[in-house]
Amino acid sequence: MIAAALEARRRAYAPYSRFRVGAALLTSRGEIIAGCNVENISYGLTNCAERTAIFTARAAGQLGSSTGGPTVLAVAVVAKGATPPTPCGACRQVLAEFGPQCVVICANLRGTRQTLTLAELLPHAFGPW
């Protein structure tokens with residue numbers, strides 16, 4: 001998953017922040033789906049790597065929802081920095097929709113990793129669970 005996230009990071013479109021992020025999901029079917037961040041000059045239209053991966057998987061029929069079909073078991077997020085990056089609040093909530101029990105692996109380019117549960121990152125997720 002880390003290798004797939006690193007490869008996706010290379011395809012990031014980040015001309016404004018220069019903060020390139022890659023993510024890779026592991027689904028309950030054993031599939032790995034990658035995504036990268038895609039910025040826009042209107043920052044509110046920027047899409048994070050984690051959501052790009054989730055939306056790609058859903059559009060390809062590789063992901064169901066928290067109430068049926070394949071779910072996200074784990075996500076790896078990779079970016080440059082002194083500490084490993086964690087998903088933003090919007091990504092955490094979208095992850096809760098498609099993988100409420102998922103594990104989040106955060107890694108930087110130096111090889112530092114931190115593994116957290118989504119419940120640790122988003123203890124009071126909004127949802128039907």
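The analysis underlying the following values was restricted to heavy atoms, covering all of them including side chains, and did not include hydrogens, waters or symmetry mates. Since we're looking at a predicted model, the values are computed, not measured.
In Leu45, the CG atom is crowded: over 12 heavy atoms of neighbouring residues, nucleotides or ligands sit closer than 6.0 Å. Residue Gln62 qualifies as enclosed at atom CD: its count of foreign heavy atoms under 6.0 Å is above 12. Atom CZ of Arg113 has 12 or fewer neighbouring heavy atoms from other residues, nucleotides or ligands inside a 6.0 Å radius.
Summarising the geometry of Cys88 relative to Cys48, their closest heavy-atom pair is SG-SG, 3.8 Å, with the distance given to 0.1 Å. The shortest non-hydrogen separation linking Ala4 to Ala24 is CB-CB, 3.8 Å. Closest non-hydrogen pair, Ala53 versus Ala23, comes out as CB-O, 4.5 Å. When all heavy atoms are compared, the tightest approach of Ala76 to Met1 is N-CE, 3.4 Å. In terms of heavy atoms, Cys106 sits closest to Pro85 at CB-O, 2.9 Å.
Side-chain N or O atoms of Gln114 include none that pairs as donor or acceptor with a backbone N or O of Ala107 at under 3.5 Å. Counting only distance, with no hydrogens or angles, the side chain of Glu120 and the backbone of Thr117 share a donor-acceptor pair below 3.5 Å. Within the 3.5 Å criterion, the main-chain N or O of Leu121 finds a donor-acceptor partner in the side chain of Arg92.
Between the SG atom of Cys36 and the CZ atom of Arg10 there is a distance of 12.0 Å, given to the nearest 0.5 Å. To the nearest 0.5 Å, the span separating OH on Tyr16 from CD on Glu39 amounts to 8.0 Å. Atom CZ of Phe98 sits about 12.5 Å away from atom CZ of Arg51, to the nearest 0.5 Å. Taking OG of Ser28 as the reference point, atom CD of Gln101 lies at 12.5 Å (rounded to 0.5 Å).
Within the 4.5 Å cutoff, side-chain heavy atoms of Arg9 are placed close to those of Leu109. Annotation: side chain of Tyr43 is in contact with side chain of Ser17 (closest heavy-atom distance under 4.5 Å). Under the 4.5 Å side-chain criterion, counting only non-hydrogen atoms from C-beta, Thr27 is not in contact with Thr71. The shortest side-chain heavy-atom distance between Val103 and Leu73 does not fall under the 4.5 Å cut-off. Side-chain contact between Val77 and Pro87 is present, with heavy atoms from C-beta onward closer than 4.5 Å. Inter-residue side-chain proximity for Val75 and Leu95 is flagged as met; some heavy-atom pair is nearer than 4.5 Å. Taking the side chain as every heavy atom from C-beta outward, Lys80 and Asn108 never approach each other to under 4.5 Å.
Each of Leu118, Val94, Val104, Leu63 was evaluated against Val72; a single residue qualifies, Leu63, per the side chain to side chain contact (heavy atoms under 4.5 Å, CB included) test.
Clustering ILVMFWY residues whenever any of their side-chain heavy atoms sit less than 4.5 angstrom apart, transitively, puts Ile54 in the very cluster that holds Leu116. Residues Leu6 and Ile105 fall within the same hydrophobic cluster, defined by Ile, Leu, Val, Met, Phe, Trp and Tyr side chains chained together at heavy-atom separations under 4.5 Å.
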Subject >> Step-by-step side-chain hydrogen bond (donor to acceptor under 3.5 Å, both in side chains) determination, Ser65 to Arg58 >> reply: CA-CA 9 Å; Ser65 70; Arg58 177 65 188 178; 5.9 Å; no
**OP:** Would you check, one step at a time, whether the test side-chain contact (heavy atoms from CB on, under 4.5 Å) holds for Thr46 with Val38?
**Re:** CA-CA 6 Å; Thr46 293; Val38 179; over 6 Å; no
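Side-chain contact, Thr52 with Asn47: a donor N or O sits under 3.5 Å from an acceptor N or O.
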